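Since the model is a prediction, treat every value here as computed from it, not as a measurement. Numbered from 1 within each chain, the chains take letters A, B, ... in sequence-line order.
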There are 2 protein chains.
Amino acid sequence: MRIGELAIATGTKAETIRYYEREGILPAADRTDSNYRDYSDNHLAALTFVRRARQLGFSMAQVRELLALSDRVDNPCQVVDELVREQLEEVEQKILDLSSLRDELRLMLRSCEANRIGECRIVESLARPLR
Amino acid sequence: MRIGELAIATGTKAETIRYYEREGILPAADRTDSNYRDYSDNHLAALTFVRRARQLGFSMAQVRELLALSDRVDNPCQVVDELVREQLEEVEQKILDLSSLRDELRLMLRSCEANRIGECRIVESLARPLR
DNA sequence: TATGCACCTTGTAGCAACTACAAGGTCAAG
DNA sequence: CTTGACCTTGTAGTTGCTACAAGGTGCATA
């Protein structure tokens, strides 16, 4: 399978796939006579894994770790569990941050009843000293 | 007031302040005889505004817009309102995305009862085809 | 006066994770 | 035999900073 096909199959741009290969996230593909990359089902599975982990918010470094772990079938599952737990904590923190941000934005909208910037509470509230 | 003072007053690194000046987000400061930047209270207010907007998740481009709007006191407040509304929508969408992500991570953790990677559901669930 | 230290200057390069080109090679269809 | 879709490499751009390096300035202290 050529890079374009793999790209469509995984919803990844061809350039991103080449980037992953350069970064050592994906193993290099075989080459055809005309030097085109030629991917196997193993590559498809690997890229699927990578994309899914990325979608779940894992960093490239974390994906590297996950890949290394999943290669060594005899490792304790605990290590993977730990990575997931860390990621979960980060995500939960982000949700909290965004929630208070959302509340502030909502407040700003509600307070805007003037119709000229001169009296606009939104601009005022942005100009307030930082907490 | 010198750059270090302004940095402390706003919780911004001096390098970031110089960066904002380069980017035209902040007006250039006056210079002392020895070529040090010399900031006024207006600069303090402007930087406070910028930092607050950035904390609220506005992009640099949006901050530029907000600054331009807040300069023209006779513009309808509606334009600012619209920007805030857009930002709010983005934030709400991000919260939704992160929430489903959180749910998936929680599921992964719960399903991991094996203790060897060979049977690890987490690794399995990462290898599943992309939705 | 000298010296040490914190602060300032400019310029450049690095980060994450791609994305967008440019300039050219390959291949199948019409 | 030409068109057009695909592929190749390499390089540079994106966002919003951050981190140097190499040198100048200002002020307190020995």
### Summary
When B:Ala61 and B:Arg2 are each assigned the nearest nucleotide of DNA chain D, the 5'-most assignment goes to B:Ala61
### Task
Please figure out whether B:Thr32 or A:Ser34 has its closest DNA chain D nucleotide nearer the 5' end.
A:Ser34
#### Entry: Interatomic distance where CG belongs to B:Leu6 and P belongs to C:dT9 [whole Å]
11 Å
Validation: residues 56-68 of chain B side-chain donor-acceptor distances under 3.5 Å, sequence neighbours left out:
unit_1  : atom_1 : unit_2  : atom_2 : d
B:Ser59 : OG     : B:Ala61 : N      : 3.4
B:Ser59 : OG     : B:Gln62 : N      : 3.1
B:Gln62 : OE1    : B:Ser59 : N      : 2.9
B:Arg64 : NH1    : B:Glu23 : O      : 2.7

### Summary
Quick note, B:Thr16 side chain, CB onward, closest among D:dC17, C:dC18, D:dT8 is D:dC17
Does [X] make a side-chain N or O approach to OP1 or OP2 of [N] shorter than 4.0 Å?
X       : N      : answer
B:Arg31 : D:dT25 : no
B:Arg51 : D:dG16 : no
B:Arg18 : C:dT9  : yes
A:Arg54 : C:dC18 : yes
B:Ser59 : D:dT15 : no
B:Lys13 : D:dA19 : yes

### Task
Record whether the side chain of A:Glu5 comes under 3.5 Å of the base of D:dC6 through a donor-acceptor pair of N or O atoms.
no
### Task
May I ask you to verify whether the side chain of B:Glu15 and the base of D:dC20 hold a donor-acceptor pair under 3.5 Å?
yes
Distances under 3.5 Å only, N/O to N/O: pair up the protein atoms with those of nucleotides 1-6 of chain C.
none

